[in-house]
Amino acid sequence: MNNLADMYLNGEGTVLDEQQALKWFTKAAEFGVAEAMYTLGIMYEKGLGTKGDDERALHYYEQAAIHDDVEGHYRLGMIYFEGELGQLQNIEQAISYFEQAAQQFHKDALFNLGYLTELAEGLTEKAMYYYKQASLIGDMASTKKLVHYYEQTNAVQAQKWRERLVQLEQDSE
C-alpha cells in the first residue's frame, strides 16, 4: 500500500495522482506503516491531494514518531524548534525529538543538538560530541564548525577535520 501510494505521489509507473496517493497512504497508516504516517503529515502540511490541515499534519507526524519513524521525530523537532503548524516554539520539546532522531543517526538532528547546546552552553564537549557524530555521518556544516573551533585551539585536530571536510566535499561532487 505504501509503495503504491509512493508511485501515485511521484508519478512512477503510473500517472501522478495525489488523491490516490492520499488514499493509499491512509490505508497503509491504518495498518501501522510509520513511513505512510510521516508522508501523510507532509501531504496535510503542504496540501497535497487534499486541503492543507496543520492539525492533521501534526497528528500524523506524532503518529509516525510514536511508531519510531526517524523522520517523524526530526520533523516534530523542527516544528517545536521553529514554532510551526500552530505550535508555540518549545526548545525543550524540540531537543527531546532531536535526541530521539539522533539515536537513529539522523545527521540534521545531531547538528541541531550541537547547535542548541552551543547556544545554551558554548562549545562544550557535549556540543562538540554532537558535531563530531554528525560529521562522521557526512554533515559538512558540523565539520566546518569543528574545523573552525580547532583552528583556534588545536592545530593537529584542525588538520584532521580539514581533511574530513575535503573528503566530504569530494564525496558530494
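Only a predicted model underlies this, so the values are computations on that prediction, with no experimental measurement involved.
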* Counterpart residues, side chain to side chain contact (heavy atoms under 4.5 Å, CB included), relative to Glu99 (two or more places apart) -> Ile95, Leu113, Tyr130
* To do: Apply ring pair (Phe, Tyr, Trp, His ring centres under 6.0 Å) to Tyr149 and list each qualifying residue two or more places apart in sequence or on a separate chain.
  => none
* Donor-acceptor side-chain pairing of Ser135 and Ser142 below 3.5 angstrom -> no
* Check against side-chain hydrogen bond (donor to acceptor under 3.5 Å, both in side chains), Gln167 and Glu163 -> CA-CA 6 Å; Gln167 178 188 2; Glu163 289 170 8; over 6 Å; no
* Is His73 close to Gln104 at the side-chain level, that is, under 4.5 Å between some pair of heavy atoms? -> yes
* Asked: Looking only at heavy atoms, which two atoms of Ala134 and Leu110 are closest? And how far apart?
  -> CB-CB, 3.7 Å
* To do: Name all pairs fulfilling the salt bridge (Lys or Arg N to Asp or Glu O under 4.0 Å) condition that reach into residues 128-151, sequence neighbours left out, sorted by first residue then second.
  => Glu118-Lys145, Glu151-Arg162
* Set of residues satisfying ring pair (Phe, Tyr, Trp, His ring centres under 6.0 Å) with respect to Phe25, sequence neighbours excluded -> none
* Asked: Should the ring pair Tyr131 and Phe111 be called parallel, tilted or perpendicular, given that the plane angle runs from 0 to 90° and is split at 30 and 60?
  -> tilted
* **Heavy-atom neighbours of Glu125 CD exceed 12 at 6.0 Å** => no
* What pairs with Glu18 under salt bridge (charged side-chain N to carboxylate O under 4.0 Å, His left out), at least two apart in sequence or on another chain? -> none
* Structure fact -> The ring pair (Phe, Tyr, Trp, His ring centres under 6.0 Å) partners of Tyr61 (sequence neighbours excluded) come to Tyr38
* Hey, are the side chains of Gln87 and Leu58 touching, using non-hydrogen atoms and a 4.5 Å cut-off? -> yes
* To do: Assess whether atom CG of Leu88 is packed by more than 12 heavy atoms of other residues, nucleotides or ligands within 6.0 Å.
  => no
* To do: State yes or no: do Ile137 and Val166 share one hydrophobic cluster built from I, L, V, M, F, W and Y residues joined by side-chain heavy-atom distances below 4.5 Å, directly or via other members?
  => no
* Asked: Around atom CD of Gln19, are there more than 12 heavy atoms of other residues, nucleotides or ligands at under 6.0 Å?
  -> no
* Counting only heavy atoms not in Tyr115, do more than 12 fall under 6.0 Å of its OH? -> no
* Shortest non-hydrogen separation from Ala127 to Gly122 and the atoms involved -> CB-O, 3.9 Å
* Measure up the Tyr74 and Phe98 rings against each other and bin them: parallel (under 30°), tilted (30 to 60°), perpendicular (over 60°). => tilted
* To do: May I ask you to decide whether Glu84 forms a salt bridge with Arg75, counting only side-chain N to carboxylate O separations under 4.0 Å?
  => yes
* Asked: What do you reckon, is CD of Glu12 surrounded by more than 12 foreign heavy atoms closer than 6.0 Å?
  -> yes
* Between Trp161 and Leu123, is there a shared hydrophobic cluster once you connect ILVMFWY residues whose side-chain heavy atoms come closer than 4.5 Å? -> yes
* With a 4.5 Å heavy-atom cut-off, do Leu48 and Leu22 have their side chains touching? -> no
